[in-house]
Amino acid sequence: MIEQQGTKLTVLYFAWLRERTGSAREQVTVPEAVGTAGDLIAWLRDRSPGHASAFANPRVIRCAINQEFADAATKLRPGDEVALFPPVTGG
Amino acid sequence: MIEQQGTKLTVLYFAWLRERTGSAREQVTVPEAVGTAGDLIAWLRDRSPGHASAFANPRVIRCAINQEFADAATKLRPGDEVALFPPVTGG
Amino acid sequence: MRTIRVQEQDFDVGAEFAGLAGSCTGIGGIGCFLGIVRDAAQSRPISAMELEHYPAMTEPAIERIAAEAERRWSLVGCTIIHRFGRLAPGENIVLVLAAAAHRQAALEATAFLIDWLKTRAPFWKKEHYTDGEQSWVEAREEDDIAAAQWLAEGC
Amino acid sequence: MRTIRVQEQDFDVGAEFAGLAGSCTGIGGIGCFLGIVRDAAQSRPISAMELEHYPAMTEPAIERIAAEAERRWSLVGCTIIHRFGRLAPGENIVLVLAAAAHRQAALEATAFLIDWLKTRAPFWKKEHYTDGEQSWVEAREEDDIAAAQWLAEGC
């Protein structure tokens with residue numbers, strides 16, 4: 001498999017997703033088959049035990065693509081900034 | 001008729017009732033037959049043309065007896081402070 | 001802590017927030033309404049707003065309204081300041097603050113307090129227009145409806 | 001005038017009221033919610049609240065929320081300030097001001113803005129307890145219900 005044929009993405013993690021994955025920001029190149037935000041979350045689980053723990057329950061993960069809220073069905077495009085986080089608790 | 005046998009009251013007027021009656025406060029002695037706040041309003045009309053104008057439409061008059069909101073049916077007692085005013089518009 | 005003041009002079013909004021927040025523990029939020037003299041009524045420019053009240057009754061009436069809010073919501077404190085006298089457009093008229101552990105209680109109590117102040121505190125407003133005329137503000141039916149809605153919802 | 005700020009430093013509540021009131025004409029009232037760091041969560045004493053956010057997204061998200069409030073109510077101005085970083089109990093977290101000609105618009109818009117900030121602005125809170133433990137605040141179902149209610153009522 002040639003990595004360059006995949007989709008390059010910037011992934012950001014917030015709150016306990018950041019703590020469990022051990023990183024705030026990663027550059028990743030995902031295979032063509034990883035077409036949606038939901039696919040990305042499933043794919044990220046295999047990166048480390050920390051990622052596996054962070055994404056153990058995908059139902060509690062929220063995401064934003066290019067700084068707009070998105071959902072698991074949202075399509076990914078090369079260069080997207082995908083932020084993953086638990087439900088927000090500001091205010 | 002002997003005035004002293006009536007009921008002595010202090011009557012206060014506010015807003016346009018004060019302006020039309022030309023007074024903020026009056027001491028009145030009303031006959032025994034004037035038993036309620038509503039009776040008082042009817043009785044006050046005859047005191048002056050200003051009073052007649054102030055009380056031309058009793059439905060828009062509100063009252064408080066001894067600093068508590070009351071209504072036309074509320075009984076009067078000697079020494080009561082009866083305040084008469086249009087609907088309040090504070091805040 | 002409950003603070004109620006009826007006064008001619010202006011108040012300092014920031015100082016009132018700080019005073020309320022400093023006087024209670026367990027605050028998660030403070031709801032507030034600040035009423036300000038409008039510069040026009042039905043597009044008629046206003047030069048001044050005159051507020052008359054019934055001094056012997058005003059504070060007790062506001063105390064009763066505040067007590068009712070405290071009965072309905074779990075408040076850790078509230079502040080109500082209402083001015084009287086002659087005020088210019090842009091001046092503060094009334095301040096309502098309600099502090100609670102949770103925002104919903106704070107905001108609902110704030111709305112309740114100002115709705116009931118409008119219909120149950122003995123104040124009357126007279127508008128003075130820039131053309132020299134003046135008129136007493138009439139009670140608005142919406143205010144009665146807003147105040148009555150809390151009776152329907154009453155617990 | 002719409003003012004939105006996301007900042008680490010504290011804000012001055014009185015100055016924000018004055019700034020909003022001074023920047024607009026036609027104000028009859030200002031609704032406000034001030035969020036404050038609680039001193040305990042489920043009776044567990046808190047030593048600090050840590051607020052994380054998503055800087056590239058936060059202000060645009062708040063601008064969208066404010067624009068939605070302006071679409072729904074006739075506001076003459078609004079101010080939203082949200083802090084991030086590490087805050088002690090009693091410190092200010094968030095300030096929402098909504099100015100309108102009439103109080104109902106001001107108060108409803110205030111409630112809407114804080115409800116949507118809670119569910120649509122990218123902030124996360126971590127509580128640090130006095131016993132040294134810490135935990136991320138979980139989203140409350142009531143907050144989702146409060147925010148969703150505005151969709152049902154949406155015009």
Side-chain angles (χ1 to χ4, degrees), chain A residues 8-28 36-38 40-41 44 49-91, chain D residues 6 33-38 41 49-65 80-85 87 92-96 110-127 134-148:
Chain A
K8 290 194 178 189
L9 304 168
T10 301
V11 185
L12 307 183
Y13 304 105
F14 293 95
W16 52 259
L17 285 171
R18 174 178 52 71
E19 292 177 338
R20 291 194 198 170
T21 61
S23 93
R25 181 191 187 95
E26 293 185 307
Q27 302 289 342
V28 301
T36 66
L40 174 66
I41 289 169
L44 285 167
H51 286 72
S53 151
F55 296 109
N57 180 6
R59 295 190 57 218
V60 300
I61 312 296
R62 300 290 179 270
C63 79
I65 298 179
N66 302 325
Q67 300 92 49
E68 297 223 26
F69 287 111
D71 60 34
T74 307
K75 295 261 188 311
L76 300 174
R77 295 177 197 197
D80 277 353
E81 176 175 290
V82 183
L84 300 170
F85 42 79
V88 303
T89 55
Chain D
V6 178
F33 180 77
L34 173 67
I36 293 173
V37 179
R38 262 191 288 273
M49 175 78 87
E50 196 184 324
L51 274 132
E52 178 172 339
H53 75 123
Y54 179 4
M57 181 174 172
T58 314
E59 285 198 28
I62 298 176
E63 293 279 356
R64 283 193 290 266
I65 295 167
I80 300 170
I81 305 175
H82 205 305
R83 294 179 69 189
F84 60 89
L87 308 178
N92 298 326
I93 305 176
V94 61
L95 180 71
V96 169
T110 299
F112 169 86
L113 286 166
I114 187 67
D115 281 350
W116 277 34
L117 277 174
K118 290 248 172 203
T119 53
R120 299 187 178 216
F123 286 94
W124 300 274
K125 279 180 187 155
K126 186 187 229 181
E127 289 168 348
Q134 44 184 251
S135 78
W136 290 97
V137 174
E138 283 190 49
R140 297 161 70 227
E141 198 190 357
E142 304 99 280
D143 287 338
D144 288 332
I145 293 167

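Throughout, a chain's letter reflects where its sequence line sits, starting with A, and its residues are numbered from 1.
The parts of A:Ala15 that come within reach of chain D are both its backbone and its side chain, each placing non-hydrogen atoms under 4.5 angstrom from that chain. Proximity to chain D (any heavy atom under 4.5 Å) is shown, for A:Glu68, by both the backbone and the side chain. With a 4.5 angstrom heavy-atom cutoff, D:Ala121 touches chain A only via backbone atoms. Within the 4.5 angstrom heavy-atom criterion, atoms from both the backbone and the side chain of D:Lys125 approach chain A. For chain A, the nearby part of D:Arg64 is the side chain; its heavy atoms alone come within less than 4.5 Å.
Within 6.0 Å of atom CD in D:Glu138, 12 or fewer heavy atoms from other residues, nucleotides or ligands are found, so the atom counts as exposed in its surroundings. Within a 6.0 Å radius of CZ in D:Arg140, more than 12 heavy atoms belonging to other residues, nucleotides or ligands are found.
Across D:Glu50, D:Lys126, D:Arg83, the residue that shares the most heavy-atom pairs under 4.5 angstrom with chain A is D:Lys126. Between chain A and the options D:Phe84, D:Trp116, D:Tyr54, heavy-atom pairs under 4.5 Å are most frequent for D:Tyr54.
Qualifying side chain to side chain donor-acceptor pair (under 3.5 Å) partners for A:Trp16, counting only residues two or more places apart in sequence or in other chains: none.
Between D:Trp124 and D:Leu51, every side-chain heavy-atom pair lies at or beyond the 4.5 Å cut-off. The closest side-chain heavy-atom distance from A:Arg62 to A:Phe14 is not below 4.5 Å. Side-chain contact between A:Glu81 and A:Gln67 is present, with at least one heavy-atom pair separated by less than 4.5 Å.
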